[in-house]
Every structure is written in C-alpha cells, then in structure tokens.
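If you're wondering where the values come from, they're calculated on a predicted model, not measured in any experiment. Letters go in sequence order (proteins before strands), and every chain restarts at 1. Hydrogens, waters and symmetry mates are skipped; everything else that's a heavy atom, side chains included, is used.
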There are 2 protein chains.
Amino acid sequence: MRIGELSERTGLSRDAIRFYERIGLVESRRSPNGYREFGEEVLPWLDYVRTAQRLGFSLAEIARHGAELREAPDSAAALSALFAERIAAVDAKLAELSALRAELAARAGTGCPLEPDRVSSRP
Amino acid sequence: MRIGELSERTGLSRDAIRFYERIGLVESRRSPNGYREFGEEVLPWLDYVRTAQRLGFSLAEIARHGAELREAPDSAAALSALFAERIAAVDAKLAELSALRAELAARAGTGCPLEPDRVSSRP
DNA sequence: GTAAACGCTGGAGTGCACTCCAATGTCAAG
DNA sequence: CTTGACATTGGAGTGCACTCCAGCGTTTAC
C-alpha cells in the first residue's frame, strides 16, 4: 500500500510516516516510480508504536525494540528476554501510576490540596 | 530556602527550577538581594510535579491543575471534583498500560514478534 | 489531454522542556 | 580584602517529534 492509504489506516500523517522511516522506525520498498510501498505487516507495528509512545516510550526506544527483535536470533529465549524487559518496564510504570493514584486519593480525602498554601504555615 | 538547596533536595537543576517559575509551575518570594526564597511547601509539590510529569502529563497541564487547585473555591466539593478528574486521568493511563502489558505478554507467548517480518508473507 | 489528487525531496519552522553561557551581583570565611 | 561559592538575568542552543512548504514528478478520472 502507498503512504496515503497507510496514513488513513493508521491515523498517522504522511509526514509522520516519512519521518518514522527516516529514523528507522518503519521500512518500505520503493516502486519503480519512487513511491514508498508498505506491506500489511506495518499496520500492527505502527499500532504498537502508537500505543507504546502514548505511554511514555520514546521513538528511539521503540525503534531500538523493533531492531532488537529483528536482529535477535530466532531463539525463543532471546525473544522472551526482550519481552520480559519490556514488560518489566511497563510494570514499573504501572507501579508509579498506582502510587500517584494513591497519593491523589489520600490528598483528596484531606481538605489539603497538592500545594498547601495556607496549611502548615502557622509556627 | 534558596535555589541551591531546593535543587539538591529535589534533584532538579537550578535552571529547571527557574524555568518552572517562569511558566508559573512554582512560586517564590524574593529576598532584598533579589535571591529567590522558597518555602518548604514546594518540596511535596515539586515531587508531585516530577511524578506526574514522568507519567505523561505536560508541564502546562500540571501547572493548570495547580492553578485550579489554588483558585478553587474552598468548597470541598470543588476540590473533590478536581481530584476525581485527576484520578480518572490516571486510571485511564493505568488501563492503557495494562492493555499494552497484555499485548506484550500475548506476543511474547507466540513466536511472533512485534513486527512479523517473515510471518504471513507466504501466499 | 488536462485537472485533480497523490507522491517525492530538502529544508525551514514549531512547541516542549529544558540546558548552557556570559556578564554581573552577593556574601561568608580566611 | 580577596577568594570562592552562590545568586541574578537574558539569550542562545539542544533534542524530540513532528508539521509545513516549495517545487517538482506521477497517476487517475473525465
């Protein structure tokens, strides 16, 4: 498929896709006329990119994950290790978010906002 | 406390703190010599800023939340509403992360990596 | 055959969140 | 009284993740 269709099916702009290609986040073949040709497999990949990115992973990180996966020997062990790493990172973020949530909930309980302006200012 | 101490106690650079002040994320009084003077209350606030930011909230958003909290009428209802909003946002992020984790776990289970390079390319 | 829609490139510009720097001022210790 | 650590400002620079544009070629519909 060409870049326009990919753009519509992913919700990414053409410019964003071309940018992703420049930084090695996605690959394409070229038609004889020079147009990019993308395979169907980029759809789930870009979907993953979108999700991971929205959740705080940088494009550089994501590109590295993709590269590692592609360069990894086919051994299930190597792949598992890579995924385990990713999952651990996600779990860490989950834990942080839970902590933030707890903090918010605790402060919601008291009358005390995040920035105690007039609280605890009486010596 | 002055900016150097605050920097050490928060782990933020002096420049970052001055930048935060410029965008209204934190406030200070000035000593007669022009030095910034920060109260103890900025410590938990900057800690919160750090956490929230690391978890995907922009400084603009965080500043807005702080401002809302400060400008909110003292009504417990208003504060509760603001906290409920924040918590809902955090919960949404938690849900997204959980989904990503599930996706990772699922793909780790199959032999199929994120970018199925040689999979499903046999017609 | 022509107009609209689509594609290409290179380069400039944007917004965010800082970081670095130079020139200058303040203050405590020796 | 100088030295050093710390403070101030304004402005420039950085890295990220795009976005926009000019100027051009290609494809498609009529």
**Q** Which heavy atom in Phe38(A) sits nearest to a heavy atom in Glu27(A), and how many Å separate them?
**A**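 Residues Phe38(A) and Glu27(A), closest heavy atoms: CD2-O, 3.6 Å.
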
**Q** Using nucleotides 27-30 of chain C, report all nitrogen or oxygen pairs with the protein that are shorter than 3.5 Å.
**A**
{"unit_1": "dC27(C)", "atom_1": "OP1", "unit_2": "Asn33(B)", "atom_2": "ND2", "d": "3.0"}

**Q** Tell me the interatomic distance from Asp15(A), atom CG, to dC6(C), atom C1', rounded to whole angstroms.
**A** 13 Å

**Q** Over all strands shown, is Arg30(A) touching base, sugar-phosphate only, or nothing at heavy-atom distances under 4.0 angstrom?
**A**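 The answer is sugar-phosphate, as Arg30(A) gets under 4.0 Å only of primed atoms, P, OP1 or OP2.
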
**Q** Testing Leu25(B), Leu6(B), Val49(B) for side chain to side chain contact (heavy atoms under 4.5 Å, CB included) with Val42(B), which one passes?
**A** Leu6(B)

**Q** Please list all pairs passing the salt bridge (charged side-chain N to carboxylate O under 4.0 Å, His left out) test where one or both residues lie in residues 89-98 of chain A, with sequence neighbours left out.
**A**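 For residues 89-98 of chain A, and leaving out neighbouring residues, the salt bridge (charged side-chain N to carboxylate O under 4.0 Å, His left out) pairs sorted by first residue read Asp91(A)-Arg101(B), Glu96(A)-Arg54(B).
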
**Q** Could you tell me the boundaries of the chain A footprint on DNA chain D, defined by atoms under 4.0 Å from its heavy atoms?
**A** dA17(D) to dT27(D)

**Q** Is there side-chain contact between Thr10(A) and Leu43(A), with heavy atoms separated by less than 4.5 Å?
**A** yes

**Q** Where do Arg36(B) and Ser28(B) come nearest, in terms of heavy atoms and distance?
**A** CG-OG, 3.5 Å

**Q** Here's a test of your reading of the structure: between Ala16(A) and Phe38(B), which maps to the more 5' nucleotide of DNA chain D?
**A**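 First, find each residue's nearest nucleotide; the 5'-ward one identifies Phe38(B).
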
**Q** Need to verify one output field. Residue with the more 5' nearest nucleotide on DNA chain C, Ala60(B) or Arg18(B)?
**A** Ala60(B)

**Q** So which heavy atom on Gly66(A) is nearest to which on Trp45(A), and how close?
**A** CA-CH2, 3.6 Å

**Q** Between Arg18(B) and Asp15(B) (salt bridge meaning N to carboxylate O under 4.0 Å), is one present in this structure?
**A**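 Here Arg18(B) pairs with Asp15(B) in a salt bridge, since their nearest N and O are under 4.0 Å apart.
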
